[in-house]
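In what follows, a single structure is set out as structure tokens and then discussed.
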Amino acid sequence: MVTLLEKPATFPGGLHLPSEKSRSLTEPLTSAAIPARLHVPLGQNIGEPAEAVVKPGDKVLRGQLIARSLGYISAPVHAPTSGTVRDVGDYPVPHPSGLSAPCIVIDSDGEDRAAETGLQMDRVYEADPADIRQRVRDAGIVGLGGAGFPTAVKLNPGPDHIVDLLVINGAECEPYITCDEALMCCRPDDIIEGIRIMRHALRAKQVVIGIEDSMPNAIECLRKELERVGETEIRIVAVPTRYPAGGEKQLIYTLTGEEVPSQGLPIDIGVVCHNVGTAAAVARAIHHGEPLISRVVTVTGAGVARPRNFDVRIGTPIGDLVEQAGGYTPDVARLLMGGPMMGFTLNSDRLPVIKTSNCILAASRAEAPDPPHPQPCIRCARCADVCPASLLPQQLYWYAFARNLEKVQDYNLFDCIECGCCALVCPSHIPLVQYYRFAKTEIWDMEREREKADLARRRHEARLQRLEREKKALEERRARARKALDKKPKAGDADAKKAEIAAALARVKARKKETQAATGQADGGNGDGN
Amino acid sequence: MEFPTHSSPYLPLRNDLSRLMATVMLALVPGALAMFWFFGWGVIFNLVIATTTALLAEAAVLRWRNKPVRAALLDGSAALTGLLLGLALPPLAPWWIPVIGSLFAIVIAKQLYGGLGYNPFNPAMIGFVVLIISFPLQMTLWSPPGGIMGLEATGFLDTARLVFTETLPAGASLDSITMATPLDESKTLSSLNLTWQEILSDPRFGNYGGYGWEWINLAFLLGGLWLWKRDAIQWHIPAGMIGSLFLLSLLFYIADTDSFASPLFHLFSGATMIGAFFIATDPVSAATTPRGRLYYGAGIGVLVYVIRTWGGYPDGVAFGVLLMNMAAPTIDYYTRPRVFGQRGEQDD
């Protein structure tokens with residue numbers, strides 16, 4: 001049973017980073033214009049990408065399902081506005097790899113007509129949690145904090161778990177990003193409503209909203225909203241501002257003093273964690289019947305003229321957003337999706353906004369300098385001092401560098417959250433996080449290969465066994481035939497001939513039976529082998 | 001619009017190798033000045049010769065290995081090795097002493113192992129140990145600390161002549177211009193069955209750590225604390241080393257005040273402070289986990305005490321550091337911190 005601490009606990013490591021947040025908060029949150037053409041990727045979440053259910057030429061309405069989810073950990077995709085499907089095919093998507101992926105291209109008709117989605121729900125607090133989950137799933141809602149894990153899955157604790165605590169993450173610890181803060185200040189009603197629905201769906205005993213103490217306005221807005229709706233069972237806790245305070249495991253530790261088990265999930269200690277933006281999306285779906293077709297995006301950095309927050313339709317080209325934020329300044333040198341610590345660089349601004357795009361950072365050279373040339377590691381262990389997972393980044397680096405994939409797992413590589421603290425303080429300027437990502441993908445790759453090899457081996461062994469059995473059966477048959485031949489009486493009288501024919505028939509019958517038995521056995525053998 | 005891409009994080013990086021080395025060098029200044037004050041120009045000669053040799057040797061080997069020379073020289077690690085070795089040498093040692101020490105430190109102990117970051121042993125201490133084993137006589141050429149018993153430190157010209165041509169000033173003998181260090185002297189005196197009270201009455205032993213040496217150690221302590229304040233070193237290794245040296249010497253001192261030196265003498269004599277803050281903290285060859293660094297430092301402290309008290313050499317910092325260098329990988333292996341979210345060892 002987890003309990004909330006009176007005084008926030010201090011997670012290990014971490015860094016105080018320059019906040020750079022105020023510049024994008026000077027202008028109010030407004031809706032961005034709907035572009036003439038939208039590129040909606042099919043894979044915007046962790047898990048399986050969706051499968052298109054529309055074809056070029058189809059007319060679609062806003063909120064209409066255009067791609068259905070495949071499997072449990074997957075999320076459907078909806079048309080962000082009304083118009084015509086122009087194409088279904090591979091287009092560039094925002095991803096660190098810079099590769100293309102399946103997208104649905106929609107030409108807007110400018111009318112933005114809404115479809116009937118059937119997501120809306122009356123008397124939600126009397127509803128069955130499974131019904132709420134299904135609607136959240138149908139609304140295509142994924143975690144809007146950045147990872148994009150399908151929300152419906154996280155609303156299903158399963159029969160073996162009791163949710164002691166629902167943590168709502170409003171910490172937003174990365175520099176520059178203010179989309180959650182803008183949402184908390186401008187739409188506290190959606191957030192609180194969404195939290196109440198989530199609490200009901202999870203049957204959570206306690207609810208807490210964790211917000212960095214650098215956002216007093218957001219805290220005040222949510223507090224007022226709680227007062228307005230007379231909600232007394234939801235607590236707001238200001239957590240100390242220190243990166244990565246908004247990391248799921250770090251926030252849970254700060255609030256409860258409990259550590260999420262290594263390579264485990266919060267639910268293992270009775271906690272579920274959702275982002276404030278996700279909560280608002282749930283409220284929009286359940287109360288207004290709107291699937292997830294838009295999100296709040298921070299457009300900021302010294303590279304844009306008027307940094308601000310927009311409510312953006314999914315599929316809007318990033319370039320359009322920058323245009324609406326006053327366009328690029330001459331200083332722009334780099335374009336990032338996400339924050340400067342855990343985001344990734346984009347090679348072009350023609351890429352679309354997706355469900356997990358919390359921030360577009362057009363950075364100047366001073367804000368995001370070119371990576372300096374790495375020098376040898378001197379084992380100073382500053383990386384270990386700032387690691388929020390208490391890992392030994394320096395050891396991980398040496399083993400990743402040497403491609404010693406066993407040792408690197410021994411040193412708990414998979415507890416690394418890739419927060420980037422180690423790389424930021426490294427005096428030798430080694431791109432440590434890159435090494436860890438490399439080692440992780442190598443290990444995943446190796447595991448896939450191993451699974452493949454295992455399957456092939458098992459098949460091969462089963463085949464050998466079957467061949468062996470067949471050979472044995474054949475030999476037995478032959479031996480019996482020889483024996484029968486020896487016993488054969490001398491030819492001559494009719495009786496003997498008759499008996500011979502009868503024996504031959506019996507042999508044929510026996511053989512038939514044996515073959516049947518042998519095939520049956522072989523099948524059974526295969527089953528055992530697997 | 002098109003943009004360049006690279007891996008996160010993107011914020012300007014906070015630290016820099018060259019800046020780190022420069023900070024350490026700057027922190028050596030008070031100690032070096034104190035040594036200059038008490039031991040004269042020989043200290044400067046040692047520093048200049050050792051550092052120049054170190055830089056030249058580094059450049060030569062890097063060129064030979066087809067590695068970028070400029071970047072490696074600018075990182076400051078070779079210069080720092082030269083400076084640390086230079087500060088460890090007796091001021092009247094002939095010029096080839098720092099040369100051989102530096103060459104050995106850079107070529108054998110550092111570059112042959114793969115250069116910066118790959119050397120298992122502290123290069124400066126390897127250089128020092130090679131010298132003290134090979135040239136024991138030259139390594140005792142400490143001049144009397146200036147001002148002691150009315151003696152002046154050897155002048156610039158006399159020192160230069162002595163260092164570069166090994167000719168003594170007119171009318172002087174080697175014995176008349178050198179003087180054993182307090183650590184060395186205390187060994188000789190206690191072998192004569194003198195009690196520590198009697199030994200300390202000798203003016204060479206100053207107030208508590210030896211005349212001159214106590215000031216030099218204080219100056220290095222000051223520089224070391226500044227380093228710690230500037231976040232260039234962590235507290236674990238100095239605390240471990242000074243702590244264990246203090247405790248061990250206190251224990252023996254309490255048991256027998258006649259035969260054993262006081263903790264204060266051990267802390268402020270010889271190379272204790274420069275060792276604790278500048279030599280043992282060399283990150284490349286030290287232990288790296290927080291608990292490991294504490295053990296590593298404590299191990300050095302123990303070895304220093306053992307060598308000083310019962311060993312054949314007057315000081316034990318160099319040997320202590322090198323012996324613990326050898327143990328560092330093992331210490332690291334057994335002191336891995338508990339990963340966030342993993343249960344404690346008892347629960348396993």
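In what follows, chains carry the letters A, B, and so on, assigned in the order in which the sequence lines appear, proteins first and then strands, with residues in each chain numbered from 1.
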Side chain, backbone, both or neither of [X] within contact of chain B (heavy atoms, under 4.5 Å):
X	value
A:A384	neither
A:D410	both
A:N347	both
A:C387	neither
A:P12	side chain
A:D349	both
A:Y328	side chain
A:Y435	neither
A:P175	side chain
A:L432	neither
A:C380	both
A:Q395	side chain

Do B:D332 and A:Q394 have side chains that get closer than 4.5 Å, going by heavy atoms?
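Of all side-chain heavy-atom pairs linking A:Q394 with B:D332, none is under 4.5 Å.
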Is any side-chain heavy atom of B:R14 less than 4.5 Å from a side-chain heavy atom of A:L15?
yes
Go through the structure and list residues passing side chain to side chain donor-acceptor pair (under 3.5 Å) with B:T335, not counting sequence neighbours.
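With neighbours one apart ignored, the set is B:T289.
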A:P376 backbone acceptor or donor facing B:Y118 side chain under 3.5 Å:
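No; zero donor-acceptor contacts below 3.5 Å.
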Nearest 0.5 Å, please: how far is [atom2] in [Y] from [atom1] in [X]?
X	Y	atom1	atom2	result
A:I378	B:T288	CD1	OG1	12.0 Å
B:L13	A:I430	CG	CD1	11.0 Å
B:F340	A:K249	CZ	NZ	8.0 Å

Where along residues 57-87 of chain B does a heavy atom come under 4.5 Å of chain A, listed by residue number?
B:A71, B:D75
Hey, which residues of residues 1-9 of chain B are touching chain A, say heavy atoms under 4.5 Å apart?
B:M1, B:E2, B:F3, B:P4, B:T5, B:H6, B:S7, B:S8, B:P9
In terms of heavy-atom contacts, B:Q342 and A:S262 come closest through CG-CB, 3.4 Å
Members of residues 360-367 of chain A whose heavy atoms come closer than 4.5 Å to chain B
A:A366, A:E367
